[in-house]
**Student:** 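This structure is in structure tokens; I'll ask about it shortly.
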2 protein chains.
Amino acid sequence: MTQAETFMKQDSESLLDAHAFAGVCKALGHPARIRIVEHLKAIDRCICGEIVQILPLAQSTVSQHLKVLKNAGLVKGEVEGPCTCYCLDRETLERFKKTAGSI
Amino acid sequence: MTQAETFMKQDSESLLDAHAFAGVCKALGHPARIRIVEHLKAIDRCICGEIVQILPLAQSTVSQHLKVLKNAGLVKGEVEGPCTCYCLDRETLERFKKTAGSI
DNA sequence: ATTGTATATCGTCGTTTTACGATTAATAGG
DNA sequence: CCTATTAATCGTAAAACGACGATATACAAT
């Protein structure tokens, strides 16, 4: 980590917020991931394969996008037999909406 | 542009929204840019040099971040003599907040 | 005209992202 | 036990990002 990056993370309380909020924004900064979130919002929960169907992307690419969303805390996935069922993490989403609204 | 990218842009109305919204999210997906937006929100308008002062980044880097925000429609800059004065584009910001709230 | 100040742009370098196919791992069902 | 299915991971290539210093540009003031 560079000095600038360290400084950017360490400063005041609002900077920590900026960093966290930027992280979620970054995760939402791709149309495919927006569509995944929209889909999950609409149908509550679904298996990975269904998301692969609705996007014009390879299975491995979708899996990567889901990982990005998961790392950002926006979605949760739980294994159900051979499938993985995904749903939104409403808490992160609400926090994001709240912060976005306050900008 | 790949086939997948083209498809991702062309589809239904909601996809265009997804693309536009993702673009703004992406622009906000860096702590330095969040801080710039917060600062402009707080003081309404200021010259570039002031932003350079509050960030631990080189002038050229800040200029790049401002360009990203400008391209995303989040800020507007107007030349005032030797300086450039920046302010938020409230319209884009409101649209972002509205869309974020609807997710 | 010259000098100084403010900002944008250029060139570069290392890192990250995005995409894909191929492979692996895990589980369900015959 | 084998086989098929599902999803994650690996390896890779192209593109984009983020940072910087150096340079160019534009304007103010002397």
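Letters A, B, ... are given to chains in the order of the sequence lines, protein chains preceding strands, and every chain is numbered from 1.
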**Student:** Measure NZ/B/Lys26 against P/C/dT16 and give the value in whole Å, please.
**Tutor:**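 Rounding to the nearest Å, NZ of B/Lys26 and P of C/dT16 are 16 Å apart.
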
**Student:** Remember a base hit wins even if backbone is also touched, and classify B/Ser63 as base, sugar-phosphate or nothing at under 4.0 Å, heavy atoms.
**Tutor:** base

**Student:** Could you state the CG-P distance from B/Leu55 to D/dG18, rounded to the nearest angstrom?
**Tutor:** 14 Å

**Student:** Do A/Leu57 and A/His65 touch side chain to side chain, with heavy atoms closer than 4.5 Å?
**Tutor:**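 Yes - at least one pair of side-chain heavy atoms lies under 4.5 Å apart.
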
**Student:** Distance check needed: C/dT17 C1' versus A/Arg33 CZ, whole Å only.
**Tutor:**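 Going from A/Arg33 (CZ) to C/dT17 (C1'), I get 8 Å.
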
**Student:** Return yes if the base of D/dG18 and the side-chain atoms of B/Thr61 contain a donor-acceptor N/O pair under 3.5 Å, otherwise no.
**Tutor:** no

**Student:** For a 4.5 angstrom cut-off between non-hydrogen side-chain atoms, does B/Arg33 reach B/Glu38?
**Tutor:** no

**Student:** Could you state the atom-to-atom distance from CD of A/Glu50 to C1' of D/dA7 in whole Å?
**Tutor:** 15 Å

**Student:** By nearest nucleotide on DNA chain C, pick out whichever of A/Val79 and A/Val68 is the more 5' one.
**Tutor:** A/Val68

**Student:** Send over the distance from A/Leu28 CG to C/dT18 P, rounded to a whole Å.
**Tutor:**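 Between P of C/dT18 and CG of A/Leu28: 12 Å.
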
**Student:** More than 12 non-hydrogen atoms from neighbouring residues, nucleotides or ligands closer than 6.0 Å to CD on A/Glu94, yes or no?
**Tutor:** yes

**Student:** Any N or O donor-acceptor pair under 3.5 Å from the base of C/dA19 to the side chain of A/Gln64?
**Tutor:**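 Indeed there is one.
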
**Student:** Does a side-chain N-to-carboxylate-O contact under 4.0 Å join B/Asp44 and B/Arg90?
**Tutor:**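 The answer is yes: the pair qualifies as a salt bridge.
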
**Student:** What is the distance from CZ of B/Arg35 to P of D/dG18, rounded to the nearest Å?
**Tutor:**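 Interatomic distance, CZ of B/Arg35 to P of D/dG18: 16 Å.
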
**Student:** I want to check one thing: is the phosphate of D/dA16, taken as OP1 and OP2, less than 4.0 Å away from some side-chain N or O of B/His30?
**Tutor:** no

**Student:** Nearest whole Å is fine: how far is C/dA6 P from B/Leu66 CG?
**Tutor:** 16 Å

**Student:** OP1, OP2 of C/dA19 versus side-chain N and O of A/His65: anything below 4.0 Å?
**Tutor:**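 So the side-chain polar atoms of A/His65 do come within 4.0 Å of the phosphate oxygens OP1 or OP2 of C/dA19, strictly under.
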
**Student:** Establish, with yes or no, whether the OP1 or OP2 oxygen of C/dA8 is under 4.0 angstrom from a side-chain nitrogen or oxygen of B/Thr84.
**Tutor:** yes

**Student:** Between B/Tyr86 and C/dA8, does any side-chain N or O lie under 4.0 Å from OP1 or OP2?
**Tutor:** yes

**Student:** Counting the atoms with a prime plus P, OP1 and OP2 as sugar-phosphate, which does B/Ile47 contact under 4.0 Å by heavy atoms, base, sugar-phosphate, or nothing?
**Tutor:**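 Counting heavy atoms under 4.0 Å across all strands, the contact made by B/Ile47 is with sugar-phosphate only.
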
**Student:** A/Cys85 or B/Pro82: which one's nearest nucleotide on DNA chain D is closer to the 5' end?
**Tutor:** A/Cys85

**Student:** Kindly indicate whether the side chain of B/Gln59 and the base of C/dA8 share any N or O donor-acceptor pair separated by less than 3.5 Å?
**Tutor:** yes

**Student:** What is the distance, rounded to the nearest whole Å, between atom CD of A/Gln53 and atom P of D/dT5?
**Tutor:**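 Nearest whole value for this atom pair: 14 Å.
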
**Student:** Answer yes or no: is there a donor N or O on one side and an acceptor on the other, between the side chain of A/Thr99 and the main chain of A/Arg95, under 3.5 Å?
**Tutor:**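 Yes, because the side chain of A/Thr99 sits within donor-acceptor range (under 3.5 Å) of the backbone of A/Arg95.
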
